[in-house]
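One-based numbering, in listed order, for ligands and for the atoms of each. Because the structure is predicted, anything quoted here is derived from the model rather than measured.
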Amino acid sequence: MTSEGSHGSRLAAEGVSKLFFAKGEPIWALRDATVAVAEGSFTCVIGPSGCGKSTLLRILGGLETATTGTVAKADGAAFVFQEHGVFPWLRVLDNVAFGARMAGMARGERTALARRWVERVGLAGFEDAYPHQLSGGMRQRVAIARAFATGSPVLLMDEPLGALDAQTRLLLQEELLRIWERERKTVVMVTHSIEEALLLGDRVLVMSARPGRVTAELEVPFARPRGMEVERDPEFAELRHRIWTLLRDEVAASLNGGGTSGTSGTGGTSGGVGR
Ligand SMILES: Nc1ncnc2c1ncn2[C@@H]1O[C@H](COP(=O)(O)OP(=O)(O)OP(=O)(O)O)[C@@H](O)[C@H]1O
Ligand SMILES: [Mg+2]
C-alpha cells in the first residue's frame, strides 16, 4: 500500500485537479489530489461536504475526466450511488441482473446469479417487486447486490448508506462488511461517517475542504472478520478522535469561506460528519 502513483495498484490518481464551470464561474473541485488503492482493499474517503469526494470517485471510475494529473482508472467499475441508484422500471431481480445482462451473460445464468445476490442481501421473496414497492433500505440493498453481481473487481460507492435511518444503516453496514470480507473486491467508499469508515475500511483517506486534496491516510488496524465490537476497542475511540481532529477545521472551512453558493452538490444539506 503506497501513495506514490499507480505502481502495483489497479486504481490511482496522482496530482489530480478538476475545474468545473458553474454559471460561467470557475470552481476547482479538486486540487492536487493523490490516491492509490491497492487491489482487494477497502478504502474509505471522508471529507467535508462539497470537497470533491464524488468528483474524485467519478474520476477514478472514468465517469469524469481530470483537468490535470494522472489517473489509472478502473474501466467497468460498478457504482453504488447514494440514492436513485436502481432503475424504477425494472423488478428487483432484473435490477440485480442488469450488469450481467449488459455484459452479455445468458438469461438463465444471469437469473441464477441475480437470485443468489438477492438472497445474500436479504431480499429473497422480493425478486418480482418494483423499487417503489420497497423501503429505502431495501432499495439500497438492491443497489449493493447489483454492484456485486456485475462481477466487476472494483466497486465505487458514494455514500451508499447515507440516506438511511440509523438502525437500517447499522444493519447494512454489517451486511456490507460480511459480503465484502467474503468477496474481497477493491472498494472505494465515500462516507460522512467516521464510525462507518473505521468499521468497514482497511484505510481511511481524509480530504481537505474544497478544492479537495487527500490530507491524511490512516490504516485501520482491526482484524477481520470484523463486527460491531470493534467500536468498543479503545483504539477505535482513539482513531475516531484523530480523524475528527483532522476534519474539524476542514468542515468549518467548508461551512464558512469555502461555501460559494450552490457549491455542495446534492448531498450538501447537512455539511456534517457522522450522519
Ligand atoms: N458537474 C458539475 N458542474 C459544476 N460544478 C460541479 C459539478 N460537479 C461538482 N461540482 C462542484 O464541485 C465541488 C465538489 O463537488 P462534489 O460533488 O464532488 O463534492 P462532495 O465532496 O461529493 O460533496 P457532498 O459531501 O456534499 O456529496 C462542489 O463545489 C460542486 O458544486
Ligand atoms: Mg458527494
Side-chain angles (χ1 to χ4, degrees), residues 11-35 37 43-69 71 73-74 77-85 136 140 143-144 147 155-164 169 187-197 200-201 204-217 243-244 246-275:
L11 198 54
E14 203 174 334
V16 160
S17 301
K18 178 67 185 183
L19 179 63
F20 284 116
F21 285 92
K23 296 190 189 121
E25 290 293 311
I27 295 178
W28 286 98
L30 297 169
R31 187 166 291 160
D32 202 16
T34 294
V35 178
V37 177
T43 301
C44 291
V45 178
I46 199 161
S49 189
C51 77
K53 301 178 296 297
S54 297
T55 303
L56 182 61
L57 204 67
R58 293 167 61 82
I59 288 174
L60 289 172
L63 298 185
E64 198 92 70
T65 56
T67 307
T68 65
V71 180
K73 64 181 163 62
F79 272 85
V80 179
F81 298 102
Q82 177 169 8
E83 279 173 288
H84 312 302
Q140 282 312 85
I144 290 165
L155 259 60
L156 303 175
M157 304 200 272
D158 197 351
E159 301 189 49
L161 311 180
L164 304 177
R169 185 170 185 158
V187 172
V188 181
M189 184 178 89
V190 171
T191 176
H192 276 100
S193 163
I194 298 175
E195 287 81 4
E196 185 168 285
L200 294 173
V204 181
L205 306 181
V206 181
M207 288 180 69
S208 70
R210 184 172 62 79
R213 273 181 322 113
V214 177
T215 51
E217 191 179 317
I243 294 172
W244 174 236
L246 289 163
L247 271 174
R248 191 170 38 202
D249 293 346
E250 300 298 337
V251 171
S254 79
L255 291 178
N256 303 325
T260 319
S261 61
T263 53
S264 63
T266 48
T269 44
S270 83
V273 170
R275 69 178 143 133

*For the atom pair CG (L205) and OG1 (T43), what is the distance rounded to the nearest 0.5 Å?*
6.0 Å
_contact_flag G52 ligand 1 heavy-atom lt 4.0 Å_ = yes
*Okay, side chain of K18, backbone of T65: is any donor-acceptor separation there less than 3.5 Å?*
yes
*Between V45, I46, T55, flag the one that comes closest to atom 16 (P) of ligand 1 by a heavy atom.*
T55
*Can you measure from CD (E195) to CD1 (I243) and round to the nearest 0.5 angstrom?*
9.0 Å
_I'd like to know whether ligand 1 has R58 as a neighbour, heavy-atom separation below 4.0 Å._
no
*Which atoms of ligand 1 have any heavy atom of E159 under 4.0 Å away?*
25 (O), 27 (O)
_Return the NZ to OG1 distance between K53 and T191, rounded to the nearest 0.5 Å._
9.5 Å
*Below 2.8 Å, any N, O or S contact between T55 and the Mg ion (ligand 2)?*
no
*Taking the minimum heavy-atom distance to atom 26 (O) of ligand 1, which of S49, P48, A22 ranks first?*
S49
_With a cutoff of 4.0 Å, is H192 in contact with ligand 1, counting heavy atoms of the residue only?_
yes
*Would a distance-only check, ignoring hydrogens and angles, find a side-chain to backbone donor-acceptor pair under 3.5 Å from T215 to V206?*
yes
*Do A29 and ligand 1 have an N or O pair less than 3.5 Å apart?*
no
*So is G50 polar-close to ligand 1, meaning N/O to N/O under 3.5 Å?*
yes
*Looking at L30, L60, V16, which hits side chain to side chain contact (heavy atoms under 4.5 Å, CB included) with T55?*
L30
_Per-residue contact class, K18 against ligand 1 - non-hydrogen pairs under 4.0 Å_ = neither
*Measure the spacing between CG of L56 and CG of D158 and express it to the nearest 0.5 Å.*
10.0 Å
